[in-house]
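Since the structure comes first, as C-alpha coordinates, the remarks are kept for the end.
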Protein chains: 2
Amino acid sequence: MKKLKRSARLVEMTQYLLFRPHTLIPLTTFAERYSSAKSSISEDLVIIKEVFEEEGLGDLHTLAGAAGGVKFTPKMPKEASLSFIQNLCQKLQEPERILPGGYLYMSDIMGQPHYLNEIGKTFASAFANRDIDVIMTVETKGIPLAYATASFMNIPVVIVRRDSQVTEGSAVSINYVSGSDKRIKTMSLARRALKEEAKVLIIDDFMHVGGTIHGMMDLLKEFKGTVQGVGVFMESSEVEEHLVEDYVSLAKLNGVDSKTRKISVDLGNYFH
Amino acid sequence: MKKLKRSARLVEMTQYLLFRPHTLIPLTTFAERYSSAKSSISEDLVIIKEVFEEEGLGDLHTLAGAAGGVKFTPKMPKEASLSFIQNLCQKLQEPERILPGGYLYMSDIMGQPHYLNEIGKTFASAFANRDIDVIMTVETKGIPLAYATASFMNIPVVIVRRDSQVTEGSAVSINYVSGSDKRIKTMSLARRALKEEAKVLIIDDFMHVGGTIHGMMDLLKEFKGTVQGVGVFMESSEVEEHLVEDYVSLAKLNGVDSKTRKISVDLGNYFH
(Lines give C-alpha, C1' and ligand atoms only; values in the text may rest on other atoms or scores of the structure.)
Protein backbone atom coordinates (compact mmCIF):
# COMPACT_ATOMS: atom_id res chain seq x y z
CA MET A 1 0.00 0.00 0.00
CA LYS A 2 1.22 3.49 -0.80
CA LYS A 3 2.32 5.86 1.93
CA LEU A 4 -0.74 7.46 3.44
CA LYS A 5 -1.27 10.80 5.10
CA ARG A 6 -2.41 10.76 8.70
CA SER A 7 -5.99 11.58 7.77
CA ALA A 8 -6.27 8.65 5.34
CA ARG A 9 -4.35 6.39 7.70
CA LEU A 10 -6.86 7.05 10.47
CA VAL A 11 -9.75 6.02 8.25
CA GLU A 12 -7.87 2.94 7.11
CA MET A 13 -6.83 1.85 10.59
CA THR A 14 -10.33 2.39 11.95
CA GLN A 15 -11.91 0.04 9.45
CA TYR A 16 -9.03 -2.44 9.82
CA LEU A 17 -9.55 -2.66 13.58
CA LEU A 18 -13.35 -2.74 13.45
CA PHE A 19 -13.29 -5.76 11.13
CA ARG A 20 -10.77 -7.64 13.28
CA PRO A 21 -12.14 -7.72 16.84
CA HIS A 22 -10.33 -9.72 19.54
CA THR A 23 -7.25 -10.00 17.32
CA LEU A 24 -3.79 -8.87 18.37
CA ILE A 25 -2.36 -6.75 15.56
CA PRO A 26 1.38 -6.03 15.80
CA LEU A 27 2.27 -2.37 15.32
CA THR A 28 4.70 -3.48 12.59
CA THR A 29 1.69 -4.65 10.56
CA PHE A 30 0.41 -1.09 10.46
CA ALA A 31 3.88 0.40 10.05
CA GLU A 32 4.57 -1.76 7.01
CA ARG A 33 1.08 -1.38 5.64
CA TYR A 34 1.33 2.40 5.54
CA SER A 35 5.14 2.80 5.27
CA SER A 36 4.98 4.85 8.45
CA ALA A 37 7.09 5.03 11.59
CA LYS A 38 5.82 3.10 14.58
CA SER A 39 5.74 6.34 16.55
CA SER A 40 3.23 7.80 14.08
CA ILE A 41 1.14 4.65 14.32
CA SER A 42 1.14 4.90 18.11
CA GLU A 43 -0.08 8.49 17.90
CA ASP A 44 -2.85 7.42 15.52
CA LEU A 45 -3.91 4.70 17.92
CA VAL A 46 -4.26 7.21 20.74
CA ILE A 47 -6.72 9.22 18.65
CA ILE A 48 -8.67 6.10 17.64
CA LYS A 49 -8.73 4.82 21.21
CA GLU A 50 -10.20 8.07 22.45
CA VAL A 51 -12.99 8.07 19.88
CA PHE A 52 -13.78 4.37 20.42
CA GLU A 53 -14.08 4.93 24.15
CA GLU A 54 -16.05 8.13 23.82
CA GLU A 55 -18.43 6.46 21.36
CA GLY A 56 -18.82 3.32 23.44
CA LEU A 57 -17.52 1.10 20.64
CA GLY A 58 -15.13 -0.80 22.84
CA ASP A 59 -11.62 -0.95 24.22
CA LEU A 60 -8.42 -0.51 22.27
CA HIS A 61 -5.78 -2.25 24.31
CA THR A 62 -2.11 -1.72 23.52
CA LEU A 63 0.42 -4.33 24.59
CA ALA A 64 4.02 -3.13 24.75
CA GLY A 65 7.09 -5.17 23.89
CA ALA A 66 8.33 -7.30 21.02
CA ALA A 67 5.24 -9.53 21.04
CA GLY A 68 3.04 -6.49 21.53
CA GLY A 69 0.46 -4.83 19.40
CA VAL A 70 -3.07 -3.54 19.62
CA LYS A 71 -6.32 -5.37 20.20
CA PHE A 72 -9.85 -4.11 19.72
CA THR A 73 -12.46 -5.54 22.07
CA PRO A 74 -15.97 -4.47 21.08
CA LYS A 75 -17.97 -3.44 24.11
CA MET A 76 -21.30 -1.79 24.45
CA PRO A 77 -21.71 0.40 27.54
CA LYS A 78 -24.42 -0.94 29.81
CA GLU A 79 -26.45 2.29 29.56
CA ALA A 80 -26.48 1.94 25.77
CA SER A 81 -27.64 -1.68 26.01
CA LEU A 82 -30.23 -0.64 28.58
CA SER A 83 -31.80 2.03 26.44
CA PHE A 84 -31.76 -0.28 23.42
CA ILE A 85 -33.43 -3.16 25.32
CA GLN A 86 -35.96 -0.78 26.91
CA ASN A 87 -37.04 0.28 23.44
CA LEU A 88 -37.24 -3.34 22.37
CA CYS A 89 -39.37 -4.22 25.41
CA GLN A 90 -41.82 -1.51 24.36
CA LYS A 91 -41.99 -2.97 20.88
CA LEU A 92 -42.45 -6.50 22.21
CA GLN A 93 -45.53 -5.42 24.18
CA GLU A 94 -47.52 -4.45 21.08
CA PRO A 95 -50.77 -6.45 21.35
CA GLU A 96 -50.65 -7.57 17.69
CA ARG A 97 -47.71 -9.77 18.63
CA ILE A 98 -50.00 -12.20 20.47
CA LEU A 99 -50.21 -15.48 18.59
CA PRO A 100 -52.74 -18.29 19.03
CA GLY A 101 -51.74 -20.31 22.09
CA GLY A 102 -50.46 -17.26 23.94
CA TYR A 103 -47.14 -17.17 22.12
CA LEU A 104 -45.27 -13.98 21.39
CA TYR A 105 -44.23 -13.15 17.83
CA MET A 106 -40.70 -11.79 17.66
CA SER A 107 -39.28 -13.22 14.43
CA ASP A 108 -39.50 -9.82 12.75
CA ILE A 109 -37.13 -8.37 15.34
CA MET A 110 -34.81 -11.36 15.13
CA GLY A 111 -34.74 -10.83 11.36
CA GLN A 112 -33.33 -7.31 11.46
CA PRO A 113 -29.53 -7.13 11.19
CA HIS A 114 -29.55 -3.83 13.06
CA TYR A 115 -31.26 -5.29 16.14
CA LEU A 116 -29.17 -8.44 15.98
CA ASN A 117 -25.99 -6.40 15.95
CA GLU A 118 -26.99 -4.56 19.10
CA ILE A 119 -27.98 -7.79 20.85
CA GLY A 120 -24.77 -9.47 19.68
CA LYS A 121 -22.69 -6.56 20.92
CA THR A 122 -24.45 -6.71 24.29
CA PHE A 123 -23.75 -10.44 24.70
CA ALA A 124 -20.16 -9.91 23.53
CA SER A 125 -19.78 -7.27 26.27
CA ALA A 126 -21.41 -9.44 28.92
CA PHE A 127 -19.00 -12.31 28.22
CA ALA A 128 -15.95 -10.31 27.07
CA ASN A 129 -13.77 -11.35 29.99
CA ARG A 130 -14.48 -15.07 29.90
CA ASP A 131 -12.23 -17.53 28.14
CA ILE A 132 -14.39 -18.83 25.28
CA ASP A 133 -13.44 -20.93 22.23
CA VAL A 134 -16.78 -21.36 20.56
CA ILE A 135 -20.47 -20.42 20.71
CA MET A 136 -23.07 -23.19 20.73
CA THR A 137 -26.72 -22.77 19.78
CA VAL A 138 -29.59 -24.98 18.67
CA GLU A 139 -31.57 -24.59 15.48
CA THR A 140 -33.48 -22.51 14.47
CA LYS A 141 -34.19 -19.20 16.12
CA GLY A 142 -31.02 -18.99 18.17
CA ILE A 143 -28.76 -19.11 15.11
CA PRO A 144 -28.88 -15.44 14.08
CA LEU A 145 -28.20 -14.34 17.67
CA ALA A 146 -25.30 -16.75 17.99
CA TYR A 147 -23.68 -15.44 14.81
CA ALA A 148 -24.23 -11.81 15.72
CA THR A 149 -22.48 -12.47 19.03
CA ALA A 150 -19.72 -14.54 17.41
CA SER A 151 -18.88 -11.84 14.91
CA PHE A 152 -18.13 -9.38 17.75
CA MET A 153 -16.11 -12.02 19.64
CA ASN A 154 -14.33 -13.42 16.58
CA ILE A 155 -15.04 -17.04 17.45
CA PRO A 156 -16.85 -19.80 15.53
CA VAL A 157 -20.40 -21.09 16.03
CA VAL A 158 -21.56 -24.69 16.21
CA ILE A 159 -25.19 -25.50 15.58
CA VAL A 160 -26.87 -28.33 17.45
CA ARG A 161 -29.45 -30.06 15.26
CA ARG A 162 -32.87 -31.27 16.27
CA ASP A 163 -32.42 -34.32 14.09
CA SER A 164 -29.28 -36.16 13.14
CA GLN A 165 -28.30 -35.03 9.66
CA VAL A 166 -26.72 -37.55 7.33
CA THR A 167 -24.64 -34.83 5.69
CA GLU A 168 -22.70 -34.09 8.86
CA GLY A 169 -21.09 -37.49 9.44
CA SER A 170 -21.14 -39.33 12.76
CA ALA A 171 -22.96 -37.43 15.47
CA VAL A 172 -23.59 -37.57 19.19
CA SER A 173 -27.27 -37.55 20.11
CA ILE A 174 -28.97 -37.11 23.44
CA ASN A 175 -32.54 -37.10 24.63
CA TYR A 176 -33.84 -34.28 26.72
CA VAL A 177 -37.14 -33.20 28.19
CA SER A 178 -38.55 -30.10 26.62
CA GLY A 179 -39.66 -27.87 29.45
CA SER A 180 -42.73 -26.37 27.88
CA ASP A 181 -44.57 -29.51 26.79
CA LYS A 182 -42.65 -32.12 28.82
CA ARG A 183 -42.07 -34.22 25.73
CA ILE A 184 -38.87 -36.15 25.16
CA LYS A 185 -36.93 -34.75 22.24
CA THR A 186 -33.60 -35.46 20.59
CA MET A 187 -30.74 -33.13 19.76
CA SER A 188 -27.45 -33.99 18.14
CA LEU A 189 -24.12 -32.53 17.20
CA ALA A 190 -21.65 -33.78 14.60
CA ARG A 191 -18.57 -35.37 16.16
CA ARG A 192 -16.26 -33.20 14.14
CA ALA A 193 -18.10 -29.96 14.87
CA LEU A 194 -16.55 -29.57 18.31
CA LYS A 195 -13.05 -30.33 19.60
CA GLU A 196 -12.80 -32.08 22.95
CA GLU A 197 -12.54 -29.88 26.04
CA ALA A 198 -13.82 -26.81 24.26
CA LYS A 199 -14.80 -23.79 26.33
CA VAL A 200 -18.29 -22.94 25.27
CA LEU A 201 -20.74 -20.04 25.41
CA ILE A 202 -24.34 -21.15 24.91
CA ILE A 203 -26.63 -18.62 23.21
CA ASP A 204 -30.35 -19.00 22.57
CA ASP A 205 -33.32 -16.77 21.87
CA PHE A 206 -35.74 -17.93 24.55
CA MET A 207 -35.60 -19.86 27.80
CA HIS A 208 -38.79 -21.22 29.34
CA VAL A 209 -37.96 -23.90 31.91
CA GLY A 210 -34.49 -24.28 30.44
CA GLY A 211 -34.83 -27.83 29.11
CA THR A 212 -33.23 -27.10 25.76
CA ILE A 213 -30.26 -25.31 27.30
CA HIS A 214 -29.90 -28.04 29.89
CA GLY A 215 -29.90 -30.51 26.99
CA MET A 216 -27.07 -28.60 25.31
CA MET A 217 -25.11 -28.76 28.56
CA ASP A 218 -25.59 -32.54 28.69
CA LEU A 219 -24.56 -32.84 25.06
CA LEU A 220 -21.47 -30.77 25.79
CA LYS A 221 -20.42 -33.26 28.49
CA GLU A 222 -20.17 -35.90 25.77
CA PHE A 223 -17.49 -33.72 24.20
CA LYS A 224 -15.79 -33.10 27.56
CA GLY A 225 -16.50 -29.41 27.06
CA THR A 226 -17.14 -26.80 29.73
CA VAL A 227 -19.85 -24.16 29.80
CA GLN A 228 -18.31 -20.73 30.24
CA GLY A 229 -21.57 -18.88 30.05
CA VAL A 230 -25.21 -18.96 28.97
CA GLY A 231 -26.92 -16.03 27.29
CA VAL A 232 -30.59 -15.91 26.37
CA PHE A 233 -32.33 -13.00 24.76
CA MET A 234 -35.55 -13.60 26.70
CA GLU A 235 -36.40 -15.68 29.72
CA SER A 236 -39.85 -16.56 30.95
CA SER A 237 -40.75 -15.53 34.46
CA GLU A 238 -43.80 -17.81 34.43
CA VAL A 239 -41.57 -20.61 35.64
CA GLU A 240 -40.93 -21.19 39.34
CA GLU A 241 -37.48 -22.62 38.88
CA HIS A 242 -35.23 -22.76 35.85
CA LEU A 243 -33.22 -25.91 35.14
CA VAL A 244 -30.29 -23.61 34.42
CA GLU A 245 -29.07 -21.40 37.24
CA ASP A 246 -26.28 -19.25 35.92
CA TYR A 247 -27.36 -17.34 32.84
CA VAL A 248 -27.59 -13.84 31.43
CA SER A 249 -30.96 -12.67 30.07
CA LEU A 250 -31.63 -9.39 28.33
CA ALA A 251 -35.42 -9.41 28.59
CA LYS A 252 -38.01 -11.21 30.68
CA LEU A 253 -41.49 -12.27 29.59
CA ASN A 254 -43.89 -11.96 32.51
CA GLY A 255 -46.95 -13.06 30.63
CA VAL A 256 -49.14 -12.96 27.56
CA ASP A 257 -52.83 -12.57 28.26
CA SER A 258 -54.81 -13.46 25.17
CA LYS A 259 -58.08 -12.26 26.71
CA THR A 260 -57.06 -8.77 27.73
CA ARG A 261 -54.55 -8.60 24.85
CA LYS A 262 -51.82 -7.58 27.26
CA ILE A 263 -48.17 -8.57 27.04
CA SER A 264 -45.78 -7.81 29.85
CA VAL A 265 -42.07 -7.72 29.06
CA ASP A 266 -39.41 -6.52 31.52
CA LEU A 267 -35.66 -6.09 31.53
CA GLY A 268 -33.63 -9.27 32.00
CA ASN A 269 -31.14 -10.04 34.78
CA TYR A 270 -28.23 -8.45 32.86
CA PHE A 271 -29.55 -5.09 34.02
CA HIS A 272 -30.08 -5.97 37.71
CA MET B 1 -21.36 15.39 21.14
CA LYS B 2 -18.52 17.81 21.78
CA LYS B 3 -16.76 19.52 18.90
CA LEU B 4 -14.19 17.16 17.43
CA LYS B 5 -10.92 17.79 15.66
CA ARG B 6 -10.68 16.57 12.08
CA SER B 7 -8.61 13.51 13.08
CA ALA B 8 -11.14 12.32 15.66
CA ARG B 9 -14.02 13.23 13.33
CA LEU B 10 -12.58 10.98 10.60
CA VAL B 11 -12.44 8.02 12.96
CA GLU B 12 -15.95 8.72 14.18
CA MET B 13 -17.45 9.17 10.71
CA THR B 14 -15.73 6.03 9.43
CA GLN B 15 -17.28 3.82 12.09
CA TYR B 16 -20.64 5.60 11.74
CA LEU B 17 -20.76 4.88 8.01
CA LEU B 18 -19.48 1.30 8.26
CA PHE B 19 -22.24 0.38 10.71
CA ARG B 20 -24.98 1.97 8.56
CA PRO B 21 -24.67 0.50 5.06
CA HIS B 22 -27.25 1.37 2.39
CA THR B 23 -28.55 4.23 4.53
CA LEU B 24 -28.78 7.80 3.33
CA ILE B 25 -27.22 10.03 5.99
CA PRO B 26 -27.91 13.76 5.60
CA LEU B 27 -24.80 15.92 5.91
CA THR B 28 -26.62 17.91 8.58
CA THR B 29 -26.56 14.78 10.77
CA PHE B 30 -22.78 14.87 10.76
CA ALA B 31 -22.63 18.66 10.97
CA GLU B 32 -24.81 18.66 14.08
CA ARG B 33 -23.15 15.59 15.55
CA TYR B 34 -19.73 17.22 15.49
CA SER B 35 -20.71 20.90 15.61
CA SER B 36 -18.83 21.35 12.34
CA ALA B 37 -19.50 23.25 9.13
CA LYS B 38 -20.97 21.24 6.27
CA SER B 39 -17.97 22.22 4.16
CA SER B 40 -15.62 20.50 6.64
CA ILE B 41 -17.83 17.42 6.62
CA SER B 42 -17.69 17.35 2.82
CA GLU B 43 -13.90 17.48 2.92
CA ASP B 44 -13.83 14.62 5.43
CA LEU B 45 -16.06 12.56 3.18
CA VAL B 46 -13.68 13.02 0.25
CA ILE B 47 -10.86 11.52 2.33
CA ILE B 48 -13.05 8.64 3.55
CA LYS B 49 -14.34 7.98 0.04
CA GLU B 50 -10.79 7.69 -1.31
CA VAL B 51 -9.71 5.20 1.34
CA PHE B 52 -12.91 3.14 1.01
CA GLU B 53 -12.40 2.89 -2.74
CA GLU B 54 -8.67 2.20 -2.50
CA GLU B 55 -9.30 -0.50 0.10
CA GLY B 56 -12.16 -2.07 -1.82
CA LEU B 57 -14.61 -1.52 1.02
CA GLY B 58 -17.31 -0.09 -1.17
CA ASP B 59 -18.75 3.08 -2.64
CA LEU B 60 -19.43 6.30 -0.81
CA HIS B 61 -22.06 8.06 -2.85
CA THR B 62 -22.85 11.70 -2.18
CA LEU B 63 -26.23 13.10 -3.22
CA ALA B 64 -26.39 16.85 -3.53
CA GLY B 65 -29.35 19.08 -2.69
CA ALA B 66 -31.70 19.58 0.22
CA ALA B 67 -32.69 15.91 0.39
CA GLY B 68 -29.08 14.92 -0.14
CA GLY B 69 -26.55 13.17 1.97
CA VAL B 70 -24.10 10.35 1.82
CA LYS B 71 -24.67 6.62 1.41
CA PHE B 72 -22.20 3.81 1.95
CA THR B 73 -22.67 0.74 -0.27
CA PRO B 74 -20.38 -2.11 0.80
CA LYS B 75 -18.82 -3.74 -2.23
CA MET B 76 -16.07 -6.28 -2.54
CA PRO B 77 -13.98 -6.01 -5.70
CA LYS B 78 -14.32 -9.12 -7.83
CA GLU B 79 -10.58 -9.86 -7.65
CA ALA B 80 -10.75 -9.83 -3.85
CA SER B 81 -13.73 -12.22 -3.89
CA LEU B 82 -11.92 -14.37 -6.43
CA SER B 83 -8.79 -14.79 -4.37
CA PHE B 84 -10.86 -15.45 -1.25
CA ILE B 85 -13.00 -18.11 -2.96
CA GLN B 86 -9.94 -19.70 -4.58
CA ASN B 87 -8.46 -20.17 -1.11
CA LEU B 88 -11.73 -21.59 0.11
CA CYS B 89 -11.87 -24.04 -2.82
CA GLN B 90 -8.43 -25.31 -1.82
CA LYS B 91 -9.63 -25.83 1.73
CA LEU B 92 -12.80 -27.58 0.56
CA GLN B 93 -10.75 -30.15 -1.36
CA GLU B 94 -9.03 -31.51 1.76
CA PRO B 95 -9.73 -35.30 1.67
CA GLU B 96 -10.71 -35.44 5.36
CA ARG B 97 -13.85 -33.50 4.43
CA ILE B 98 -15.35 -36.58 2.77
CA LEU B 99 -18.28 -37.88 4.81
CA PRO B 100 -20.01 -41.26 4.56
CA GLY B 101 -22.35 -41.19 1.59
CA GLY B 102 -20.01 -38.99 -0.43
CA TYR B 103 -21.07 -35.77 1.27
CA LEU B 104 -18.73 -32.84 1.79
CA TYR B 105 -18.22 -31.44 5.28
CA MET B 106 -18.22 -27.66 5.29
CA SER B 107 -19.96 -26.67 8.54
CA ASP B 108 -16.65 -25.60 10.06
CA ILE B 109 -16.22 -22.99 7.34
CA MET B 110 -19.84 -21.88 7.62
CA GLY B 111 -19.28 -21.46 11.35
CA GLN B 112 -16.48 -18.89 11.06
CA PRO B 113 -17.67 -15.26 11.19
CA HIS B 114 -14.64 -14.17 9.17
CA TYR B 115 -15.49 -16.43 6.22
CA LEU B 116 -19.18 -15.61 6.47
CA ASN B 117 -18.41 -11.91 6.30
CA GLU B 118 -16.44 -12.33 3.09
CA ILE B 119 -19.15 -14.48 1.54
CA GLY B 120 -21.83 -12.04 2.68
CA LYS B 121 -19.92 -9.10 1.25
CA THR B 122 -19.53 -10.95 -2.05
CA PHE B 123 -23.27 -11.66 -2.31
CA ALA B 124 -24.03 -8.06 -1.27
CA SER B 125 -21.80 -6.90 -4.14
CA ALA B 126 -23.31 -9.31 -6.64
CA PHE B 127 -26.83 -8.06 -5.89
CA ALA B 128 -26.03 -4.45 -4.92
CA ASN B 129 -27.87 -2.93 -7.86
CA ARG B 130 -31.09 -4.90 -7.58
CA ASP B 131 -34.14 -3.62 -5.79
CA ILE B 132 -34.48 -5.95 -2.80
CA ASP B 133 -36.69 -5.69 0.30
CA VAL B 134 -35.83 -8.87 2.10
CA ILE B 135 -33.64 -11.99 2.03
CA MET B 136 -35.29 -15.40 2.21
CA THR B 137 -33.56 -18.62 3.23
CA VAL B 138 -34.56 -22.04 4.53
CA GLU B 139 -33.37 -23.61 7.74
CA THR B 140 -30.71 -24.58 8.73
CA LYS B 141 -27.41 -24.15 6.96
CA GLY B 142 -28.41 -21.21 4.79
CA ILE B 143 -29.26 -19.02 7.79
CA PRO B 144 -25.75 -17.75 8.67
CA LEU B 145 -25.09 -16.88 5.01
CA ALA B 146 -28.39 -15.07 4.71
CA TYR B 147 -27.65 -12.94 7.78
CA ALA B 148 -24.09 -12.19 6.72
CA THR B 149 -25.45 -10.93 3.38
CA ALA B 150 -28.31 -9.04 5.02
CA SER B 151 -26.01 -7.17 7.37
CA PHE B 152 -24.09 -5.73 4.40
CA MET B 153 -27.32 -4.88 2.57
CA ASN B 154 -29.18 -3.58 5.63
CA ILE B 155 -32.34 -5.57 4.94
CA PRO B 156 -34.19 -8.17 7.04
CA VAL B 157 -34.14 -11.96 6.71
CA VAL B 158 -37.10 -14.33 6.72
CA ILE B 159 -36.51 -17.98 7.50
CA VAL B 160 -38.62 -20.64 5.81
CA ARG B 161 -39.22 -23.57 8.15
CA ARG B 162 -39.15 -27.24 7.28
CA ASP B 163 -42.09 -27.77 9.59
CA SER B 164 -44.92 -25.49 10.55
CA GLN B 165 -44.12 -24.03 13.95
CA VAL B 166 -46.96 -23.34 16.33
CA THR B 167 -45.13 -20.34 17.76
CA GLU B 168 -45.24 -18.41 14.50
CA GLY B 169 -49.01 -18.16 14.04
CA SER B 170 -50.81 -19.02 10.81
CA ALA B 171 -48.47 -20.16 8.08
CA VAL B 172 -48.49 -20.97 4.38
CA SER B 173 -47.16 -24.43 3.58
CA ILE B 174 -46.25 -26.00 0.29
CA ASN B 175 -44.98 -29.39 -0.80
CA TYR B 176 -41.92 -29.67 -2.97
CA VAL B 177 -39.79 -32.44 -4.38
CA SER B 178 -36.33 -32.56 -2.91
CA GLY B 179 -33.97 -32.94 -5.83
CA SER B 180 -31.42 -35.20 -4.27
CA ASP B 181 -33.64 -37.98 -2.97
CA LYS B 182 -36.83 -37.23 -4.91
CA ARG B 183 -38.89 -37.28 -1.73
CA ILE B 184 -41.83 -34.99 -1.17
CA LYS B 185 -41.13 -32.53 1.62
CA THR B 186 -42.94 -29.60 3.20
CA MET B 187 -41.79 -26.07 3.83
CA SER B 188 -43.71 -23.24 5.40
CA LEU B 189 -43.53 -19.56 6.17
CA ALA B 190 -45.49 -17.61 8.74
CA ARG B 191 -48.14 -15.35 7.18
CA ARG B 192 -46.88 -12.33 9.03
CA ALA B 193 -43.21 -12.94 8.19
CA LEU B 194 -43.51 -11.49 4.70
CA LYS B 195 -45.50 -8.55 3.34
CA GLU B 196 -47.34 -9.10 0.07
CA GLU B 197 -45.48 -8.21 -3.13
CA ALA B 198 -42.10 -8.23 -1.45
CA LYS B 199 -38.99 -8.16 -3.63
CA VAL B 200 -36.90 -11.06 -2.48
CA LEU B 201 -33.33 -12.31 -2.70
CA ILE B 202 -33.05 -16.05 -2.03
CA ILE B 203 -29.81 -17.20 -0.37
CA ASP B 204 -28.81 -20.79 0.40
CA ASP B 205 -25.64 -22.73 1.08
CA PHE B 206 -25.93 -25.53 -1.47
CA MET B 207 -27.89 -26.22 -4.64
CA HIS B 208 -28.07 -29.73 -6.01
CA VAL B 209 -30.95 -30.06 -8.47
CA GLY B 210 -32.49 -26.89 -7.10
CA GLY B 211 -35.64 -28.43 -5.60
CA THR B 212 -35.44 -26.51 -2.35
CA ILE B 213 -34.88 -23.17 -4.05
CA HIS B 214 -37.65 -23.92 -6.53
CA GLY B 215 -39.84 -24.67 -3.52
CA MET B 216 -39.03 -21.28 -2.02
CA MET B 217 -39.99 -19.64 -5.31
CA ASP B 218 -43.33 -21.46 -5.25
CA LEU B 219 -43.89 -20.43 -1.66
CA LEU B 220 -43.10 -16.85 -2.55
CA LYS B 221 -45.86 -16.87 -5.18
CA GLU B 222 -48.36 -17.46 -2.35
CA PHE B 223 -47.23 -14.11 -0.96
CA LYS B 224 -47.37 -12.47 -4.40
CA GLY B 225 -43.65 -11.78 -4.04
CA THR B 226 -41.06 -11.56 -6.81
CA VAL B 227 -37.63 -13.14 -6.91
CA GLN B 228 -35.00 -10.49 -7.56
CA GLY B 229 -32.09 -12.89 -7.35
CA VAL B 230 -30.83 -16.25 -6.16
CA GLY B 231 -27.42 -16.72 -4.56
CA VAL B 232 -25.97 -20.07 -3.53
CA PHE B 233 -22.57 -20.59 -2.00
CA MET B 234 -22.04 -23.89 -3.82
CA GLU B 235 -23.77 -25.56 -6.72
CA SER B 236 -23.40 -29.15 -7.79
CA SER B 237 -22.21 -29.77 -11.33
CA GLU B 238 -23.22 -33.42 -11.09
CA VAL B 239 -26.69 -32.41 -12.24
CA GLU B 240 -27.55 -32.18 -15.94
CA GLU B 241 -30.11 -29.45 -15.52
CA HIS B 242 -30.98 -27.28 -12.55
CA LEU B 243 -34.61 -26.49 -11.76
CA VAL B 244 -33.50 -22.90 -11.24
CA GLU B 245 -31.98 -21.10 -14.18
CA ASP B 246 -30.93 -17.68 -13.05
CA TYR B 247 -28.65 -17.85 -10.01
CA VAL B 248 -25.26 -16.75 -8.77
CA SER B 249 -22.94 -19.42 -7.35
CA LEU B 250 -19.57 -18.79 -5.74
CA ALA B 251 -18.23 -22.34 -5.90
CA LYS B 252 -19.05 -25.50 -7.82
CA LEU B 253 -18.76 -29.06 -6.58
CA ASN B 254 -17.70 -31.33 -9.44
CA GLY B 255 -17.55 -34.48 -7.41
CA VAL B 256 -16.59 -36.35 -4.28
CA ASP B 257 -14.92 -39.70 -4.90
CA SER B 258 -14.94 -41.73 -1.70
CA LYS B 259 -12.70 -44.44 -3.19
CA THR B 260 -9.83 -42.28 -4.42
CA ARG B 261 -10.50 -39.73 -1.63
CA LYS B 262 -10.60 -36.92 -4.16
CA ILE B 263 -12.82 -33.87 -3.98
CA SER B 264 -13.07 -31.49 -6.90
CA VAL B 265 -14.30 -27.94 -6.24
CA ASP B 266 -14.20 -25.16 -8.82
CA LEU B 267 -15.15 -21.51 -8.96
CA GLY B 268 -18.85 -20.79 -9.37
CA ASN B 269 -20.56 -18.87 -12.15
CA TYR B 270 -20.06 -15.48 -10.42
CA PHE B 271 -16.49 -15.57 -11.69
CA HIS B 272 -17.25 -16.53 -15.31
Side-chain angles (χ1 to χ4, degrees), chain A residues 1-2 4-16 18-20 44 47-48 50-52 54-55 57 99-101 103-105 107-108 110-114 116-117 134 139-141 143-144 147-148 150-159 161 165-170 190 192-193, chain B residues 1-2 4-16 18-20 44 47-48 50-52 54-55 57 99-101 103-105 107-108 110-114 116-117 134 139-141 143-144 147-148 150-159 161 165-170 190 192-193:
Chain A
M1 183 178 273
K2 66 173 187 194
L4 291 182
K5 279 201 245 177
R6 162 145 295 156
S7 52
R9 217 165 54 212
L10 284 167
V11 175
E12 228 289 316
M13 285 172 75
T14 300
Q15 70 84 15
Y16 193 94
L18 288 176
F19 285 123
R20 286 161 189 80
D44 296 344
I47 297 168
I48 296 174
E50 262 187 39
V51 177
F52 278 21
E54 178 102 2
E55 273 301 282
L57 291 171
L99 292 169
Y103 289 101
L104 178 66
Y105 186 73
S107 295
D108 57 333
M110 296 299 167
Q112 295 278 359
H114 167 71
L116 287 168
N117 276 344
V134 59
E139 59 183 350
T140 298
K141 292 189 200 165
I143 300 175
Y147 275 94
S151 74
F152 287 102
M153 298 183 86
N154 194 31
I155 49 175
V157 174
V158 299
I159 301 174
R161 306 294 296 251
Q165 288 289 308
V166 66
T167 59
E168 297 272 304
S170 70
R192 58 202 298 166
Chain B
M1 184 179 273
K2 66 175 186 193
L4 292 181
K5 278 202 246 178
R6 161 145 297 159
S7 51
R9 216 165 55 211
L10 283 167
V11 174
E12 227 288 317
M13 285 171 76
T14 300
Q15 71 83 16
Y16 193 94
L18 288 176
F19 286 122
R20 286 161 189 81
D44 297 343
I47 297 168
I48 296 174
E50 261 187 40
V51 176
F52 278 22
E54 178 104 0
E55 274 300 282
L57 291 172
L99 292 170
Y103 288 101
L104 179 67
Y105 185 73
S107 294
D108 57 333
M110 296 299 167
Q112 296 278 359
H114 168 72
L116 287 168
N117 276 344
V134 60
E139 61 182 346
T140 299
K141 292 189 199 165
I143 300 174
Y147 275 94
S151 75
F152 287 102
M153 298 183 84
N154 195 30
I155 49 175
V157 173
V158 299
I159 301 175
R161 307 293 297 250
Q165 289 289 310
V166 66
T167 58
E168 297 272 303
S170 71
R192 58 202 298 166

Heavy-atom nearest pair, B:P113 first then A:S151, reads CB-CA, 3.8 Å

For residues B:I143 and A:Y147, determine if any side-chain heavy atom of one lies less than 4.5 Å from a side-chain heavy atom of the other. no

Of A:T14, A:D44, A:L57, the residue whose pairing with B:V11 passes side chain to side chain contact (heavy atoms under 4.5 Å, CB included): A:T14

Can you tell me how far the CG atom of A:N154 sits from the CD atom of B:Q112, to the nearest 0.5 Å? 8.0 Å

Using a 4.5 angstrom heavy-atom cutoff, name the option from B:I155, B:D108, B:N117 with the most pairs to chain A. B:I155

Side chain, backbone, both or neither: which part of B:M153 has an atom under 4.5 Å from a heavy atom of chain A? neither

The interface call for A:R6 against chain B, heavy-atom contacts under 4.5 Å, is neither

Side-chain contact, heavy-atom cut-off 4.5 Å: A:Q15 with B:V51? no

Output the option from B:Y16, B:Y105, B:F19 having the highest count of non-hydrogen pairs under 4.5 Å with chain A. B:Y105

Under 4.5 Å from a heavy atom of chain B, the part of A:L116 involved: side chain

Most heavy-atom pairs under 4.5 Å with chain A, out of B:I47, B:I159, B:V157, B:T140, belong to B:T140

Approximate separation, where rounding is to 0.5 Å, of B:L10 CG and A:L10 CG: 6.5 Å

Residue part contacting chain B, namely of A:M13, when any heavy atom lies under 4.5 Å: neither

For A:F52, is it the side chain, the backbone, both or neither that has a heavy atom under 4.5 Å from a heavy atom of chain B? side chain

Most chain B-contacting option - heavy-atom pairs closer than 4.5 Å, from A:P144, A:G101, A:A8: A:P144

Minimum side-chain heavy-atom gap B:E139-A:K141 below 4.5 Å: no

B:R192 versus A:L99: any side-chain heavy-atom pair under 4.5 Å? yes

Honestly, the part of B:I48 sitting under 4.5 Å from a heavy atom of chain A is both

One option among B:A148, B:S107, B:S170 has the most heavy-atom pairs under 4.5 Å with chain A, and it is B:S107

For B:G169 against A:P100, the heavy-atom pair lying closest together: CA-CD, 4.3 Å

Interface residue of largest heavy-atom contact number with chain B, from A:A193, A:A190, A:P156, under 4.5 Å: A:P156

